[in-house]
Amino acid sequence: MTEGTAQRTGAPTELGVAVLGMGNVGAEVVRIITENAEDLRARIGASLVLRGVAVRDLERGRGIDRALLTDDPAALVRRDDVDIVIEVLGGIEPPRELIRTALQQGKSVVTANKALLAEYTGELATAAAEANVDLYFEAAVAGAIPVVRPLMQSLAGDKVQRVAGIVNGTTNFILSAMAETGADYDEALAEAGRLGYAEADPTADVEGYDAAAKAAILASIAFHSRVTAADVYREGISSVTAEDLASAAKFDCTVKLLSICERVVGDDGRERISARVYPALIPLSHPLATVSGAYNAVVVEAVDAGRLMFYGQGAGGAPTASAVMGDVVMAARNKVYSGRGPLESTYASLPVMPIAQVPTRYYVAMNVVDRPGVLETIAGEFAKHGVSIAAVRQEGGADATRLIVITHRAPDGALAETVSALENMEAVTAVSSVLRMEGTHE
Ligand SMILES: NC(=O)C1=CN([C@@H]2O[C@H](COP(=O)(O)OP(=O)(O)OC[C@H]3O[C@@H](n4cnc5c(N)ncnc54)[C@H](O)[C@@H]3O)[C@@H](O)[C@H]2O)C=CC1
Ligand SMILES: N[C@@H](CC=O)C(=O)O
Ligand code: NA
């Protein structure tokens, strides 16, 4: 069957599209709608017609018909001839209000806004369900990489156990540059901004908020529960140093900002969700270790499917616009053929496990006084907290010694208490770095 030939009687021959925001992503969305118009029409069975583009500055030249530009996104969303709204503004308000209005008025919405979804998917999905329209957000997690749709649709008959990986392009770009070329942290961050990877406020990237928002979205979908950003334990990369990367290399490891969502069984035998984001050492032999630059990768483990890996460009205007446009085609086809995409699924309602109970491994770097017996005293502190040591490396200095300890797996709370105790020991002059270690089974 040729796409578009089975159109129902009375189906629209054109669909009005409003684009909210013409930044890194919005500009590429507009370009694709314009350049690929013929192919999109054939795939959808109706033409996509750009009704307007909401921008802040009407005077700035943007290479499109100026009559399409408006600085009133609310009026654009309400237009009767708009069927699909693409929100690529970023931030919570006004996108939340604009999307809710669009949905209530029977328009389908495609958004790349993870910060918004990690907080308000519930209310927006309800508005979409009530109006029988679509809310699609593939671009919100890992840019171009199809991961939302595989989890929501392809794996809908399986039981997902774990979704873990690198879902922030900016931090991966910075860490890769620091590890591979010894680049300076601030320079690498500025370059990520220039390349269109970083958020408008890059604190969201470097402090892990963006990755945590994505983890909340992934955990909600994978485990059929509602997980918000506040449920995700979060640490960013701003305290990762060149020294950490160098000593990780000595353990045949590198450092990556990981987002980990998994089912864990509590002491009471009940299943819970652990959702967490932190920089961690992973072995150089681990598949995620070779993911560099703004590339992302997500590893999904499901009971029957086994292990699946998704890899590709996680940030940048064109890659993200590709994911947006995939959703636009889905939403448009649904308008033409009277279909609709999957509804939000939260029936399992699994609770979230606090980080203190989650088993993790630590890498602790500290400066210790150079004196006989210090190593034993420090090892004793780990033992006191029930934490066993997997490896120790001692690096000498004139009057101080740098000691690096890698532990076996223990409840995160016990590891954190051990670090607090170390900080108060007379033999330890400073705990200079605490990272977790993942990708091993010890
Ligand atoms: N850049 C990337 O690699 C990715 C971005 N995203 C998400 O896509 C969205 C857009 O990101 P970017 O295009 O990178 O951001 P951007 O900052 O480059 O673009 C946003 C544009 O919206 C405009 N804008 C903001 N508020 C407005 C308002 N009230 N009225 C009119 N215009 C307004 C800004 O002036 C700006 O031009 C964000 O939610 C972001 O998190 C998602 C995946 C990847
Ligand atoms: N700032 C984000 C953009 C994509 O989601 C990132 O760096 O990954
Ligand atoms: Na994606």
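Order of listing sets the numbers, starting from 1, for every ligand and every atom in it.
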A198 N/O under 3.5 Å from ligand 2 N/O: no
Nitrogen or oxygen of K114 less than 3.5 angstrom from that of ligand 2: yes
With heavy-atom distances below 4.0 Å as the criterion, list the atoms of ligand 2 near [X].
X	value
T170	1 (N), 6 (C), 7 (O)
E199	1 (N), 2 (C), 3 (C)
N168	2 (C), 6 (C), 7 (O), 8 (O)
K214	2 (C), 4 (C), 5 (O), 6 (C), 8 (O)
D205	1 (N), 2 (C), 6 (C), 7 (O)
Y197	1 (N), 2 (C), 3 (C), 6 (C), 7 (O)

So does K256 pair up with E438, basic N to acidic O under 4.0 Å? no
Side chains of [X] and [Y] in contact at under 4.5 Å (non-hydrogen atoms):
X	Y	value
R78	Q105	yes
R276	E262	yes
R361	I406	yes

Quick check against the 3.5 Å criterion: does [X] have a side-chain atom that pairs as donor or acceptor with the backbone of [Y]?
X	Y	value
S349	T346	yes
S338	N334	no
Q104	A127	no

Please determine if R436 forms a cation-pi arrangement with Y278, meaning its NZ or CZ atom is less than 6.0 Å from the six-membered ring centre and no more than 45° off the ring axis. yes
Please determine whether any non-hydrogen atom of G196 lies less than 4.0 Å from an atom of ligand 1. yes
Would you kindly say whether T111 and E87 are connected by a side-chain donor-acceptor distance under 3.5 Å? yes
Can you find a side-chain donor-acceptor pair between R234 and Y209 that sits under 3.5 Å? yes
Relative to the heavy atoms of [X], which atoms of ligand 1 are at a distance of less than 4.0 Å?
X	value
A315	3 (O)
N113	39 (O)
V88	10 (C), 20 (C)
A139	42 (C), 43 (C)
G316	2 (C), 3 (O)

Would P94 count as a polar contact of ligand 1, with the cut-off being nitrogen or oxygen pairs under 3.5 Å? no
Classify the contact between T320 and ligand 1 as side chain, backbone, both or neither, using a heavy-atom distance cut-off of under 4.0 Å. side chain
Should the proximity of D71 to ligand 1, defined as any heavy atom under 4.0 Å, be assigned to the side chain, the backbone, both, or neither? neither
Which residue and atom name correspond to the protein heavy atom nearest [atom], and how close is it?
atom	result
atom 8 (O) of ligand 1	A112 CB, 3.5 Å
atom 22 (O) of ligand 1	G21 CA, 3.7 Å
atom 17 (O) of ligand 1	A200 CB, 4.4 Å
atom 20 (C) of ligand 1	L89 O, 3.4 Å
atom 14 (O) of ligand 1	N24 ND2, 3.2 Å

Using 30° and 60° as the class boundaries, would you call the ring planes of Y295 and Y311 parallel, tilted or perpendicular? parallel
R31 atom CZ: more than 12 heavy-atom contacts under 6.0 Å: yes
Residue [X], metal the Na ion (ligand 3), N/O/S under 3.0 Å:
X	value
G314	no
A140	no
A142	no

Should one rank A112, G169, G90 by closest heavy-atom distance to atom 6 (C) of ligand 2, which comes out on top? G169
Can you find a non-hydrogen atom of G143 under 4.0 Å from ligand 2? no
Can you tell me, to 10 degrees, how wide the angle at the Na ion (ligand 3) is between O on G143 and O on I145? 100°
I need the O(V141)-the Na ion (ligand 3)-O(E138) angle, rounded to 10 degrees. 90°
Within the 4.0 Å heavy-atom cut-off, what D210 brings close to ligand 2 is side chain
